[in-house]
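Okay, so here's the structure we're looking at.
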Amino acid sequence: MAKATSGELGTASIGKLLIKQAVPASVGILVMSLNVLVDSIFVGNWIGSIAIAAINVVLPVSFFIAALGMAIGIGGSSIISRALGSGNMEKALKTFGNQITLTLLVTITMVVLGLLFVNDLIPAFGGKGAIFEPAKIYYVIVLYGVPFLALCMMGNTVIRAEGKPKFAMIAMIIPSVGNLFLDYIFIYVLDWGMHGAAWATTAGYLLCFSYIVSFFLSKNSELKIGFAHFQLDNGILKEIGALGFVTLARQAVTSVIYLLLNNILFGLGGEALVASYAIVGRMLMFALFPVFGVTQGFLPIAGFNYGAGLYHRVKESIYTAITYAALVATLVFVLLMVFPEFFTDLFLSNRTDLPESELRTNAFVMEHTPTAIRLVFAATPIIALQLIGAAYFQAVGKAVPALLLTLTRQGFFFIPLILLLPKFFGELGVWLSFSIADVLSTIVTGAYLRKEIKTKLETN
């Protein structure tokens, strides 16, 4: 029997706990983000900027299917954290078994549908003109590995719910390092082009899946499930669905945003402007890794203590997480405001023997992207409140407010803004929409979280 460590979530210092949980989460997210970043740098330098745009077109489809696994993972992990906090091990085991079954059923179905409608989905997400063929190559190969990615995303959240952040960190590092190594072999050494980039990514998913399986089979995991736990339970499925829908809705909206932005930007500036957005998108994944790490570290702490009825610790964890996240977000903000040209240049090849069309695209991207980065990240110092606030309601099992607050930024504010502002301000309107949505959603989340603290956490 593994030594239980989840109980520390209810006794150790909140500050120390958050660091213990957030640092491995941040490192894992950093490595994954670096993977996406360096992968894009390799592709941009060794294949071309159009290839970066092609990958950016594919990401929302593959990420949405993978997000099904993350949604099931986060929804179930909220149940597991609270079950461990209240001492109900059987419910934790049953939830984990149901998560595995549900992830397999849903993601395999989605992959089959994704392959059947490949020629319709790629153009719909902006894969037009010169972008279509490389996007299709990448899409088909990566889609084969997406069920393994979904299982990895699901398993990673469960590992963290057990209070094992270091193992969760390793699970995130393995596919990233593997992908980068294989990128070099497949793209640079073997010259497989987009095929190489896709197979490197898929192989990384398989490596991660192998590690996560080995973790749950080892003595390190408290969750030792049997065949009976795989049988679907309607009550647990409803709870997983209600809480997981928050994550799924967020990713669904993200996929819609990719669809809208790729098409809007293609209309404003063609393939070159889509490539510019691809770089901004990579920076959004990479630059905010410590903020997302604090958010991930906060989830099991809040969930466990809420399940144990330790509301004063929940309140303390909220304030501590917001403080930590705001500090690192401010540091990110300063770096991006001062060095946007440096980050843009990383993605572009310096070779002078490129085709004339590629050189023109690179020049356009270098001219437009630094301004885009500054505008997109202008409200970064305040986003900690929005992220932690929405995460709190998900952690404690309050699905409706979690869903509404999660959708506030991307759904209720950002989508209307990107549909409206470009009509008046063109490309500038697209980039302004990001920060305006950040400010508005933070105000709403702050008001809602303050009310929750006053009525629930301070009166119990």
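Source: prediction; values computed, not measured.
Residues Leu405 and Phe393 have side chains in contact (heavy-atom distance under 4.5 Å, counting atoms from C-beta outward). Here the side chains of Trp431 and Thr371 are not in contact, with every heavy-atom distance at 4.5 Å or above. The side-chain heavy atoms of Val328 and Val332, taken from C-beta on, include no pair separated by under 4.5 Å. Proximity of Glu239 to Arg82: side-chain heavy atoms (C-beta onward) are separated by under 4.5 Å at one or more points. Residues Phe298 and Ile388 form a side-chain contact, since some pair of their non-hydrogen atoms from C-beta on lies under 4.5 Å apart. The closest side-chain heavy-atom distance from Val430 to Leu268 is below 4.5 Å. A 4.5 Å side-chain heavy-atom check between Val112 and Leu116 finds at least one atom pair inside the cut-off. The side-chain heavy atoms of Thr201 and Tyr138, taken from C-beta on, include a pair separated by under 4.5 Å.
A donor-acceptor contact shorter than 3.5 Å links the side chain of Gln99 to the backbone of Ile72. Between the side chain of Ser221 and the backbone N or O of Leu217 there is no donor-acceptor pair closer than 3.5 Å. Between the side chain of Thr445 and the backbone N or O of Gly389, no donor-acceptor pair lies under 3.5 Å. A donor-acceptor pair under 3.5 Å is formed between the side chain of Thr157 and the backbone N or O of Met154. Put simply, the side chain of Thr202 gets close to the backbone of Ile141: a donor and an acceptor are under 3.5 Å apart. Within the 3.5 Å criterion, the main-chain N or O of Ala329 finds no donor-acceptor partner in the side chain of Thr380. With hydrogens and angles disregarded, a donor-acceptor distance shorter than 3.5 Å links the side chain of Asn156 to the backbone of Ala168.
Side-chain contact annotation: Thr344 with Thr369, donor-acceptor N/O pair under 3.5 Å absent. Counting only N and O atoms by type, the side chains of Ser317 and Tyr392 include no donor and acceptor under 3.5 Å apart.
Atom OH of Tyr211 sits in a crowded spot, with more than 12 heavy atoms from other residues, nucleotides or ligands closer than 6.0 Å. For Tyr448, the OH atom sits in a loose shell: 12 or fewer heavy atoms of surrounding residues, nucleotides or ligands are nearer than 6.0 Å.
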Worksheet item: Given Thr107 and Val146, is the side chain to side chain contact (heavy atoms under 4.5 Å, CB included) satisfied, shown in steps?
Response: CA-CA 8 Å; Thr107 56; Val146 165; 5.7 Å; no
Worksheet item: Where do Phe413 and Thr408 land on the side chain to side chain contact (heavy atoms under 4.5 Å, CB included) test, with the steps shown first?
Response: CA-CA 6 Å; Phe413 293 129; Thr408 296; 3.2 Å; yes
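Contacts of Phe434 classified as ring-ring contact (aromatic ring centres under 6.0 Å, His included), with partners at least two apart in sequence or in another chain: Phe414.
Taking the centre of each ring, Tyr205 and Phe148 stay at or above the 6.0 Å mark. Aromatic pair Tyr311/Tyr306: centroids less than 6.0 angstrom apart. Note: Phe96 and Phe216 meet the aromatic proximity criterion, with ring centroids under 6.0 Å apart.
Classification of Glu452 and Lys315 as a salt-bridged pair fails, no side-chain N sitting under 4.0 Å from a carboxylate O. Of the charged side-chain nitrogens involved, none lies within less than 4.0 Å of a carboxylate oxygen, so that Asp233 and Lys94 do not count as a salt-bridged pair.
Screening Leu261, Ile257, Leu407, Leu420 for a side chain to side chain contact (heavy atoms under 4.5 Å, CB included) involving Ile415 leaves a single residue, Ile257.
Closest of all the heavy-atom pairs between Leu417 and Pro422 is O-CD, 3.6 Å. In terms of heavy atoms, Leu387 sits closest to Phe292 at CD1-CE2, 3.8 Å. In terms of heavy atoms, Leu421 sits closest to Ser433 at CD1-OG, 3.6 Å.
Here the CG-CD1 distance, from Leu206 to Ile174, works out to 12.5 Å after rounding to the nearest 0.5 Å. Rounding to the nearest 0.5 Å gives a distance of 7.5 Å between CD1 of Ile80 and CD of Glu162.
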